[in-house]
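Please find one structure pasted underneath; my questions will follow.
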Amino acid sequence: MSYIEPAPIKDKDNPLESMMSRFDLAAQKLGLDNETYNVLKNPDKQVIVSLPITMDDGRIKVFSGYRVIHNTILGPSKGGIRYDMGVTLDEVKALAAWMTWKCAVVDIPYGGAKGGIMCNPRAMSKGEIERLTRAYTLSMMDVFGPDKDIPAPDMGTSQQEMAWLMDEYSKAKGMTVNAVVTGKPLVLGGSLGRVEATGRGVMVSALSAMQRLKMNPSQTSCAIQGFGNVGSNTARLLEERGVKIKALSDISGAFWNDKGIDIQDALKYRDKNNGMLEGYPNAEKMDDSEGIITCQVDLLVPAAKEDVINIYNAPNIKARLIVEGANGPTSANADDIINEKGIMVVPDILANAGGVTVSYFEWVQNRLGLRWPLERVNRRCDRIMKEAFEKVYSTSLEFNVPMRIAAYIVAIDKVAKTYKFRGGF
Ligand code: NAD
């Protein structure tokens, strides 16, 4: 696939500050005591490693790797591994805390973690990436473990890196330990339904919110930013339920069809076209690809990257409902503008939790030594997502707060109550 450099983000938040501003508000509404607040705002463990790797040309290059365990009071920590030049300790800390809240919102028995290596995987050979992944795994042997900390893919990593990680970990342990990672290939114990799980959760969240807002799916129009894993599965599943997808975008631009885009057709085009919508003939290319955020639709699904809804475009959003497929697509500064406009936002830590939910199912299946049929995976995922939505919705009414703060309240309350019972400070 040819690489297109993403445009710079105008209103880029420091991810840690952005997470903390919402956390603080929820903690205050909940009346969280100072002691628990201090425990939750600090990660349990931060590991920084230097990884010397022999590159293909014989040079030895040293990479910085991170793993942050934010919290394990609810169970082993869970979170992806990111390969990107922008990886920083602050970013990994924020994403690790996000995972704690995400797992708590959907009520699965995991804590939160995140990892990353500062590298540019697009500029590395397969062999270099494999050596880097194996070195990172060995350096984290005391951190990872099916009962301790369970990684998964994130930006820049895929099922291949998870397979290498599982292999390296298993060799060091002298036995096959497939439950040490999720997001593995199916043949290594991956779960059916994992690939589309995040999009599926976004679809369930969107339909639940539409029910509350009395929006009929067959009379609802939608714009989706991002046509990768999350965006394309969300588009397909929403279209199957009658929603008209009028706008789609990816890194190559935004496309509009007032009669609705045929998603199967767009998928076929993308798959034959280097994974991109560039040149898609059955919709009009919009002049400004960022216009997808403010176009005339009822439902907006940002499913690409962070901070795309910001103080510059939030005042012009027309949608009544935003369902966040991406992590952190709304900058904290834009929250008030959106709330004042009366737009309902189903926040990332709820809306995109279908992925970690099916990762949890993968881990359960590995530990049971069996494989669930797709129908069971989907049914259980839908039930968990629906119940989580209803819990957050009723909390938002009870505390008179937006859904985002309500999701944090649900999560923080669960973790804080667990601390109260377990004690031990
Ligand atoms: P992906 O790489 O499969 O797809 C990303 C899509 O966004 C691509 O279509 C890309 O072209 C598009 N894109 C990139 N920059 C863009 C821009 N400036 N404007 C419009 N489109 C742009 O990634 P994904 O797995 O679909 O993840 C998308 C988001 O969802 C990320 O924020 C990720 O952290 C989050 N997320 C993913 C999962 C998962 O299971 N994959 C789970 C939870 C959250």
Side-chain angles (χ1 to χ4, degrees), residues 1-10 12 15 78-84 86-87 91 94-95 98-99 101-103 105-106 114 116 121-122 152-159 162 182-183 190-191 193-202 205 223-236 247-255 266-267 269-271 273-278 280 285-286 288-293 295 300-310 313 323-330 347-360 362 381 385:
M1 188 194 298
S2 61
Y3 174 63
I4 301 181
E5 191 64 45
I9 295 169
K10 284 190 207 153
K12 178 121 180 80
K78 186 90 192 80
I81 298 171
R82 179 169 281 203
Y83 287 2
D84 189 71
V87 167
E91 180 185 72
L95 294 170
W98 244 327
M99 287 304 297
W101 314 134
K102 202 180 279 192
C103 295
V105 165
V106 286
K114 204 79 180 187
R122 286 178 298 266
D154 193 80
M155 196 196 286
T157 56
S158 66
Q159 55 175 10
M162 298 308 109
T182 62
S191 177
R194 174 63 188 89
V195 173
E196 65 268 32
T198 305
R200 194 171 178 86
V202 175
S205 303
I224 301 182
Q225 183 189 45
F227 201 52
N229 176 300
V230 180
S232 68
N233 282 301
T234 302
R236 182 175 58 80
L248 277 182
S249 76
D250 68 7
I251 188 84
S252 71
F255 298 83
L267 279 170
Y269 183 86
R270 180 200 70 174
D271 294 344
N273 192 41
N274 271 334
M276 278 192 284
L277 287 167
E278 176 76 70
Y280 181 58
K285 187 159 183 181
M286 293 164 70
D288 170 17
S289 65
E290 289 187 30
I292 191 146
I293 301 294
C295 67
L300 172 64
V301 180
K305 56 179 200 166
E306 71 280 14
D307 296 327
V308 293
I309 298 175
N310 47 51
N313 57 16
V323 182
E324 296 184 337
N327 282 320
T330 307
D348 46 11
I349 58 168
L350 169 61
N352 70 31
V356 73
T357 300
V358 176
S359 273
Y360 163 61
E362 178 177 333
C381 177
M385 291 303 299

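Order of listing sets the numbers, starting from 1, for every ligand and every atom in it. Computed from a prediction, not measured in an experiment: that's the story for all the values here.
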Practice task
Could you pull out the closest heavy-atom pair between Leu248 and Ile292, with the gap in Å?
Solution key: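 Looking at all heavy atoms of both residues, the shortest contact is C-CD1, 3.5 Å.
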Practice task
Please answer whether the main-chain N or O of Val195 pairs with a side-chain N or O of Asn229 as donor and acceptor at a distance below 3.5 Å.
Solution key: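 Yes, because the side chain of Asn229 sits within donor-acceptor range (under 3.5 Å) of the backbone of Val195.
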Problem - Whether Ala303 lies under 4.0 Å from ligand 1, heavy atom - result: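 Under 4.0 Å: yes for Ala303.
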Exercise for the section: Mind checking whether Ile251 contacts ligand 1 via backbone (N, CA, C, O), side chain (CB onward), both or neither, at a 4.0 Å heavy-atom cut-off? Expected result: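 Ile251 to ligand 1: contacts from backbone and side chain alike.
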Handout entry: Numbered atoms and elements of ligand 1 in range of Gly228, under 4.0 angstrom, heavy atoms
Key =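 Those of ligand 1 that fall under 4.0 Å from Gly228 are 3 (O), 4 (O), 6 (C), 8 (C), 9 (O), 26 (O).
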Problem - Per-atom contacts, ligand 1 versus Arg194 - under 4.0 Å to a heavy atom - result: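 Those atoms are 40 (O).
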Problem - Any N or O of Asp154 closer than 3.5 Å to N or O of ligand 1 - result: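 No, there is no polar N/O contact under 3.5 Å.
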Practice task
Using a 4.0 Å heavy-atom cut-off, say whether Ser252 meets ligand 1 through its side chain, its backbone, both or neither.
Solution key: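 Contact part for Ser252 vs ligand 1: neither.
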Handout entry: Nitrogen or oxygen atoms of Gly355 and ligand 1 under 3.5 Å apart
Key =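 Not met; the criterion fails.
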Practice task
Could you say whether the N/O atoms of Asn327 and ligand 1 ever approach to under 3.5 Å?
Solution key: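 N/O-N/O distance below 3.5 Å exists for this pair.
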Exercise for the section: Please confirm whether the backbone N or O of Ile81 pairs with a side-chain atom of Thr157, one donor and one acceptor, at under 3.5 Å? Expected result: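 Present.
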Exercise for the section: Go through the structure and list residues passing salt bridge (charged side-chain N to carboxylate O under 4.0 Å, His left out) with Arg194, not counting sequence neighbours. Expected result: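 For Arg194 there are no salt bridge (charged side-chain N to carboxylate O under 4.0 Å, His left out) partners, ignoring immediate neighbours.
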Practice task
Evaluate the side-chain proximity of Val358 to Arg200: yes if any heavy-atom separation is below 4.5 Å, no if none is.
Solution key: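 Heavy-atom side-chain distance check fails, nothing below 4.5 Å.
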Handout entry: Residue Ser249 vicinity, atoms of ligand 1 by number, heavy atom under 4.0 Å
Key =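 With Ser249 as reference, the close atoms of ligand 1 come out as 20 (C).
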Practice task
Mind checking side-chain hydrogen bond (donor to acceptor under 3.5 Å, both in side chains) for Tyr269 and listing every partner two or more places apart, or none if nothing turns up?
Solution key: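 side-chain hydrogen bond (donor to acceptor under 3.5 Å, both in side chains) check on Tyr269 returns nothing, list empty.
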Handout entry: For atom 21 (N) of ligand 1, the option (of Val195, Asp250, Asn233) bearing the nearest heavy atom
Key =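 The residue whose heavy atom sits nearest atom 21 (N) of ligand 1 is Asp250.
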Practice task
Under 4.0 Å from a heavy atom of Ala326: give me the atoms of ligand 1 that qualify, with their elements.
Solution key: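 So the atoms of ligand 1 that pass are 29 (C), 30 (O), 32 (O), 35 (C).
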Exercise for the section: Indicate yes or no: does an N/O atom of Val230 lie under 3.5 Å from an N/O atom of ligand 1? Expected result: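 Right, the criterion is met.
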Handout entry: Under 3.5 Å donor-acceptor, Thr182 side chain and Ser359 backbone
Key =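 Here the side-chain-to-backbone pair does not exist.
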Practice task
Return a yes/no value for Asn229: is any of its N or O atoms, backbone included, closer than 3.5 angstrom to an N or O of ligand 1?
Solution key: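 In this structure, Asn229 places an N or O atom under 3.5 Å from an N or O of ligand 1.
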Handout entry: Sidechain-backbone polar pair: Asn233 side chain, Thr198 backbone, donor-acceptor under 3.5 Å
Key =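 Side chain of Asn233 to backbone of Thr198, a donor-acceptor pair under 3.5 Å: no, none is there.
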Exercise for the section: Give a yes or no on whether the backbone of Glu324 and the side-chain of Asp348 come within a donor-acceptor separation of less than 3.5 Å. Expected result: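 Here the side-chain-to-backbone pair does not exist.
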Practice task
Identify, by atom number and element, the atoms of ligand 1 in contact range of Ala304, meaning under 4.0 Å from any of its heavy atoms.
Solution key: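 Ligand 1 atoms under the 4.0 Å threshold to Ala304: 7 (O), 13 (N), 21 (N), 22 (C), 28 (C), 29 (C), 31 (C), 32 (O).
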